[in-house]
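Letters A, B, ... mirror the listed sequences (proteins, then strands); counts begin at 1.
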Amino acid sequence: MMESNENILEVENLKINFKTYAGTVKAIRDVSFNLKKGETLAIVGESGSGKTVTTRSIMGLLANNAVVEGGTVMFHDQDVLKMTEKQLQDLRGAKIAQIFQDPMTSLDPTMRIGRQIAEPLMVHKGMSKAKAMAQALDMMKLVGITNAENRINDYPHQFSGGMRQRIVIAIALINYPEILIADEPTTALDVTIQAQILDLMRELQNKISTSIIFITHDLGVVAGMADRVAVMYAGKIVEYGTVDEIFYNPKHPYTWGLLSSMPTLETNGDELPSIPGTPPDLLDPPTGDAFAPRNSYALKIDTEKEPPFFKVSDTHYAATWLLHPDAPKVTPPVQIVARQKQFAEMQKKLAAEKLSHPVEEEEERQ
Amino acid sequence: MDYHNAKKVLEVSHLKQYFNVGKKDEVKAVDDISFDIYEGETFGLVGESGSGKTTAGRAIIHLYTPTSGSIKFHGDEVVGMKDKTKMKQFRRDMQMIFQDPYASLNPRMKVRDIIAEGIDINHLAKSKEDRDKRVAELLETVGLNRDHGSRYPHEFSGGQRQRIGIARALAVEPKFIIADEPISALDVSIQAQVVNLLKQLQKERHLTYLFIAHDLSMVKYISDRIGVLHYGRMLEVGTSDEVYNHPLHDYTRSLLSAVPIPDPEYERTRTQIGYDPKYEQGDKARKLVEIAEHHWVQASPDEIPMYQERAKKEGLKVL
Ligand SMILES: Nc1ncnc2c1ncn2[C@@H]1O[C@H](COP(=O)(O)OP(=O)(O)OP(=O)(O)O)[C@@H](O)[C@H]1O
Ligand SMILES: Nc1ncnc2c1ncn2[C@@H]1O[C@H](COP(=O)(O)OP(=O)(O)OP(=O)(O)O)[C@@H](O)[C@H]1O
Ligand SMILES: [Mg+2]
Ligand SMILES: [Mg+2]
């Protein structure tokens, strides 16, 4: 990880609606977050919570019926939401790239893969064909396509699903983008292939120090990929923090539900904890905390007033009234209590190690 | 489960399901698999995409005619079954729940009629009132409302549609349900709801399940025993605790080591085990051998000692 404190992306108070026959869908309801250079930010949350719409706004790729109600998406010091189509094309080809769940949707079935990988270089950097093809070949090797020289002229259908996703990654990374948006990039793949692709993404991130926004519903993948995590529910971020803070010390009841309803290889027992009910209708979002109707920890105020973000640490915030100083103390689900214990032990161990190796610690800092 | 006194509901032996037989593009989708399923248990079938899980399920429920092999249900041979009444009973006793709750429900039919389809075909209802009553009860059983019956599938969420699919399967009072990736298309928070429902129904109705999935954590949670399929072959069979905690076959070890766990500390220290599929090729004749009690591994005679050694190292009861 080559994180720094420099924000390369700052999303502030983003609100996006969709006009539909049934009415106005309030898809993104005041979302703010930032992305640091070289980090991986995971966005998790239920289907329809707004993960894809958020990232599409960063690429300037919103559907025709979308209306930006407010907010800014600052990439360095420019607002993406105010860019011209020409500027956006430049941005998408070179500075922000993305990969999707289904590799076939982002590949051209009629074009040889070498050419597809080389094209962004020719279009955005005006590189000669020969030079671009040479770089494409290097990139194919980098993403682990075996026998690259012989395969450069093959078509997408001649590759397996995992290899196709590698090709998509090669295309996305050929211009060394500053931000890579990965929307469920491994959901369609088997665990073994998934593990290879995730390794590849980590390795490439180190090599070219790209920042990654990683969207997935697989919390196992998040645990292995993310530096920080943002949890979305019904068009809002309800909690964000470092990966350890979210997995071992979550504060929002929705995060609790999400983490405990996923069995690990150790889960036993007759019933899995589940979140009852279904997500709210964004045509008419409820007043107060949108999660309240499904939340067994809901307080009266949740149905009346939307909770603001409460600070848990410098890096950890959660929007739940439970964190208000006057709120009653509640005990999270057992799975969460177990996670908190594990966390406390990890930190104790870490502190003890620091005490016993003060010299090494000093060296590491330099 | 007590496997000494358990009754076998399903006995699959040497099942082969090939496609395009004799052509250049012949696929040995299921290639000589044998396993039994006991009454009241959940047998999980895992394996990567294309390993033959769906094909095995479809062959067992007789959507395909097997290339060869035998499938016995309650002791009766199903392959080539001539007796029409018995076949009809088999079609009722064994039901399937599908992966895609969107594609598997007829969009033009009301939910009530979708659920009642099997009731009608099998003439299970004495009257229209009886039919309505059964449908209403089924809707409630799966956690929906009685008045949901008059609506159409598109008016429901994915989790609700999967419940409709379950109600449809239950309508004919089956004994055995094949669930092919029943939760893969659902959201994480809804997956737990559906899994809990399946478990509760199993208890109440003494159902036996063949549960197919590639989410290994969920399969582990729901299954009593597990079979690992690879290239159409069964490589390892055992109780889910044993297969997950003490895998013996290299492929199983590699597969399990790739499962992402929602625990950052674990993920930081995870080591992945590689696997060379060349191992399974070649001309060695292998079959499932019981290495430790109730724990089977595909092995050739000369590989048996090696697996026994592994089992011993894992602290298993070697036979
Ligand atoms: N073009 C559109 N017109 C109307 N509504 C839309 C449109 N695009 C998205 N939405 C709505 O916006 C909300 C957020 O959708 P989004 O695709 O961002 O969800 P998501 O979190 O990515 O979900 P998933 O996990 O299923 O991909 C949903 O309610 C969706 O129905
Ligand atoms: N009707 C068919 N004709 C030809 N080949 C088929 C047919 N059905 C399946 N196959 C092939 O048989 C093999 C096994 O497929 P199957 O669908 O059983 O796999 P699976 O384990 O269910 O995979 P997944 O996890 O992707 O659902 C694959 O190679 C597939 O392409
Ligand atoms: Mg999405
Ligand atoms: Mg399948």
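Looking at A:Tyr248, only its side chain comes within 4.5 Å of chain B, counting heavy atoms on both sides. Residue contact with chain A, scored on non-hydrogen atoms closer than 4.5 Å, is absent for B:Ile222. Both the backbone and the side chain of B:Ser49 come within contact range of chain A, each with at least one heavy atom under 4.5 Å from a heavy atom of that chain.
Taking the side chain as every heavy atom from C-beta outward, A:Pro263 and B:Gln191 never approach each other to under 4.5 Å. Looking only at side-chain heavy atoms (C-beta outward), B:Pro260 and A:Val191 come within less than 4.5 Å of each other.
Annotation for B:Pro262 and A:Phe247: closest pair O-CD2, 3.4 Å, computed over non-hydrogen atoms. Here the shortest heavy-atom pairing between A:Pro273 and B:Ala192 reads O-CB, 3.7 Å. Nearest heavy atoms, B:Asp263 versus A:Ala223: N-CB, 3.5 Å.
Taking chain B as the reference chain and counting heavy-atom pairs below 4.5 Å, the highest number among A:Asp244, A:Val222, A:Ile193, A:Leu259 is found for A:Asp244. Between chain A and the options B:Gln272, B:Glu265, B:Lys199, heavy-atom pairs under 4.5 Å are most frequent for B:Glu265.
Side chain of B:Gln193 to backbone of A:Ile275: a donor-acceptor contact under 3.5 angstrom is found.
If you take CE on A:Met225 and CD on B:Glu267, they are separated by 10.5 Å, rounding to the nearest 0.5 Å. Between the OH atom in B:Tyr251 and the OG1 atom in A:Thr192 there is a gap of 5.5 Å [rounded to 0.5 Å].
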